[in-house]
Protein chains: 2
Amino acid sequence: MGKGGQPRVLLVEDEPAQRTVLAYNLEAEGFAVTQADNGEDAMVLVDEEEPDIIILDWMMPKVSGIEVCRRLKMRPETRGIPIIMLSARAEEVDRVRGLETGADDYVVKPYSVLELMARARAQLRRVRPSTAGVVLEHEDIRLDPESHRVYRADKVLKLGPTEFKLLVTLMERPGRVFSREQLLDLVWGRDIYVDTRTVDVHVGRLRKSLMQFGGADPVRTVRGAGYSLG
Amino acid sequence: MGKGGQPRVLLVEDEPAQRTVLAYNLEAEGFAVTQADNGEDAMVLVDEEEPDIIILDWMMPKVSGIEVCRRLKMRPETRGIPIIMLSARAEEVDRVRGLETGADDYVVKPYSVLELMARARAQLRRVRPSTAGVVLEHEDIRLDPESHRVYRADKVLKLGPTEFKLLVTLMERPGRVFSREQLLDLVWGRDIYVDTRTVDVHVGRLRKSLMQFGGADPVRTVRGAGYSLG
DNA sequence: TTCACCTGTTACATATCCGTCGCATATGCG
DNA sequence: CGCATATGCGACGGATATGTAACAGGTGAA
C-alpha cells in the first residue's frame with residue numbers, strides 16, 4: 001500500500017461529473033485518488049503512481065477501458081493490480097467480455113457509490129491479505145471473512161448467511177449509520193426487492209446472535225436514520 | 001432534496017391512469033411528487049420545483065420525452081438532475097437513443113413499480129451521496145453526519161430526528177438567519193403542511209437538548225426574522 | 001421422504017417523537 | 001405606562017418508528 005497508509009486508487013472516467021463525485025467519495029473514504037479522463041493518461045499514471053487499485057470506465061475516447069484493462073493484465077508488473085470496471089447499462093455480453101479481459105470486478109451504472117467502495121475495499125483485502133483487513137475487529141467482536149467465522153470474547157458465534165453479510169457490512173465502517181435502503185443494497189443486492197422492514201428483522205436476529213453468550217448490544221439504532229455498529 | 005426532507009420527483013406522463021398509479025406509489029415511498037402531462041409544462045416545472053429526479057415518458061404530445069431530456073441535459077443548471085426514461089417500446093434502437101440523449105436510466109413498460117422506484121433511489125444516491133467525511137463544527141458543538149452523532153464539550157448529546165436535521169441545517173451556515181418558512185422547507189420538506197409555530201417548538205426542544213449538560217444557548221432568536229446559530 | 005435451517009412477511013406491542021394548543025412571558029411601540 | 005404582537009414552553013393526544021414472535025414457505029442434506 002502507499003507509503004502513507006492510504007490505499008491509492010487510480011480513477012479513470014471521462015465524464016467529469018461522475019468522476020468528481022466518485023473522487024470526492026473515495027477521498028472521504030480514505031483513499032488517495034489520482035484521476036484520469038482517458039486511457040492514454042491512465043497507462044502513464046499507472047507507472048507513475050503505482051496505484052493499489054484501478055477503477056476504470058468501460059466507454060472512453062481514444063483508448064477504451066477494455067483496452068487499458070487488457071494491456072495492464074498483459075504486463076507482469078501491473079497484472080496484480082485489481083481493476084474494477086464501470087459500465088453503462090448491462091448487456092450480458094459486456095459483462096462477460098469485461099471479466100474475460102481480466103477485470104477483477106464489474107459494476108454496472110447506475111451503481112451505488114457505497115457498493116462500489118465496498119467492492120473496492122474487498123478487492124484490496126483480496127490482494128493485500130498481509131495488511132490489516134484480513135480480520136475485522138470492533139470492540140470484542142472479531143470477524144474473519146476468510147473462514148467465515150465470528151468470535152466474541154473468544155467464543156465462536158453461530159450466525160446465518162444474511163446475518164454474517166450484515167455484520168461484515170457494518171464492521172467495515174464502524175460508527176457509520178447505514179439506512180435500511182443502503183443495507184438492502186449492500187447486503188441483499190441492488191436488484192432484489194425486499195421490504196425494508198426485513199432489515200429490522202435481520203438486525204434483530206443479528207443482535208440475538210451477537211449476544212447469545214452475553215455481552216452488550218453492539219448495534220446502535222438511530223431512529224429515523226438506520227443502524228450502525230457502536 | 002432539501003437538507004432533510006423528502007426527495008422531490010417530477011413525474012411526466014401523458015396517460016392519466018399510469019401517472020396516477022405511479023404518483024401514488026412514489027408518494028407512498030416518501031417522494032414528494034409533482035406531475036405534468038406534457039413536455040412544455042415539464043420544462044416550466046423543472047425550474048419552479050427544482051426536482052431531485054425526473055421520471056419522463058418517452059412518447060408524449062407536443063414536446064416528446066426525448067426532446068425534454070435533450071434540452072435539460074444541455075442546460076448546465078439542470079444537467080445534474082437524473083432522468084429516468086419510460087418507454088413502451090423495447091427496441092434496442094430506442095434504448096440506445098434514450099441513453100444518447102443523456103437519460104441516466106431507462107425503464108421499459110410494462111415495468112415493475114418496485115423496480116422503477118429502486119432505480120429512482122439508486123439514481124438519487126448516485127447524485128447526492130451522503131455527506132461523507134465532513135464534520136460540522138461550531139464553537140463547542142461538533143456534529144458528524146456520518147455517524148449521526150452530536151457532541152458538545154466531548155459529551156454525546158441525544159436528540160430526536162427533527163432536532164438533528166434542524167441542527168444540521170443551522171450548522172451548515174452558522175450566523176445565517178433562517179426564517180421559519182425556510183426552516184420548514186429545509187427540514188420538513190417543501191410541501192408539508194405544518195404550522196410555522198411548530199418550528200418554534202422544535203427550536204425550543206433543540207435548545208434544551210443542546211443544553212442538557214449545561215453550556216450557553218447557542219441558538220439566537222432574531223425577532224421578526226427567524227433563528228440562527230451564533 | 002423427513003428434518004433442520006434459513007428467509008421474508010405479517011401483526012402486534014411498545015417506545016419515542018410529532019404537531020398543536022393554551023397560556024406565560026418578552027419585546028417593541030406609541 | 002398600556003397595548004399589540006412575537007416568542008417560550010409545558011402538556012396532551014395521536015402518529016410513527018422500531019422490536020420481535022409467529023408463520024409459511026424454500027432449500028439442501030441425509
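Below, chain A is the first sequence line, B the second, and so on; all start at residue 1.
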Check your understanding: Would you say A/K158 reaches C/dA4's phosphate, i.e. side-chain N/O to OP1/OP2 under 4.0 Å?
Key -> no
Taken to the nearest whole Å, CG/A/L184 to P/C/dT9 is 9 Å
A/K165 atom NZ is separated from C/dG8 atom C1', nearest whole Å, by 14 Å
Between CG of B/L159 and C1' of C/dC18 the distance, given in whole Å, is 15 Å
_Just by distance, no angles: are the side chains of B/Y151 and B/D144 close enough, under 3.5 Å, to form a donor-acceptor pair?_
no
Is there a donor-acceptor contact under 3.5 Å linking the side chains of A/R220 and A/S228?
yes
Students should find that the end-to-end axis angle of the helix from C/dT1-D/dA30 to C/dG30-D/dC1, with five pairs defining each axis and rounding to 10 degrees, is 30°
Checking B/T162, B/V168, B/L166 against B/F164 for side-chain contact (heavy atoms from CB on, under 4.5 Å), the one that qualifies is B/V168
Between the side chain of A/Q123 and the main-chain N/O of A/A120, is any donor-acceptor distance below 3.5 Å?
no
Residues A/A216 and A/R152: closest non-hydrogen pair is O-NH2, 2.9 Å
Between CE of B/M211 and C1' of D/dG8 the distance, given in whole Å, is 11 Å
- [ ] Give a yes or no answer on whether the side chain of B/R207 reaches the backbone of B/V219 with a donor-acceptor pair at less than 3.5 Å.
- [x] yes
Rounded to whole Å, the CG-P distance (B/D217 to C/dA26) equals 15 Å
To the nearest angstrom, the CG-P distance between B/L210 and D/dG8 comes to 14 Å
Here the distance between atom C1' of D/dG8 and atom CG of B/L206, to the nearest Å, is 14 Å
Given the rule in the salt bridge (Lys or Arg N to Asp or Glu O under 4.0 Å) test, do B/R19 and B/D57 qualify, once you have shown the distances and angles that lead to the verdict? CA-CA 10 Å; B/R19 195 176 63 243; B/D57 191 31; over 6 Å; no
- Is there a side-chain polar atom (N or O) of A/W188 under 4.0 Å from OP1 or OP2 of C/dT7? no
note: B/H202, atom NE2; C/dT16, atom C1'; distance rounded to Å ~ 13 Å
May I ask you to decide if B/P16's main-chain N or O and B/T20's side chain share a donor-acceptor pair within less than 3.5 Å?
yes
Its contact letters, B for base, S for sugar-phosphate only and - for none at protein heavy atoms under 4.0 Å, make nucleotides 18-30 of chain D read BBBSB--------
inquiry  = Tell me whether the rings of B/H202 and B/W188 are parallel (<30°), tilted (30 to 60°) or perpendicular (>60°).
reply    = perpendicular
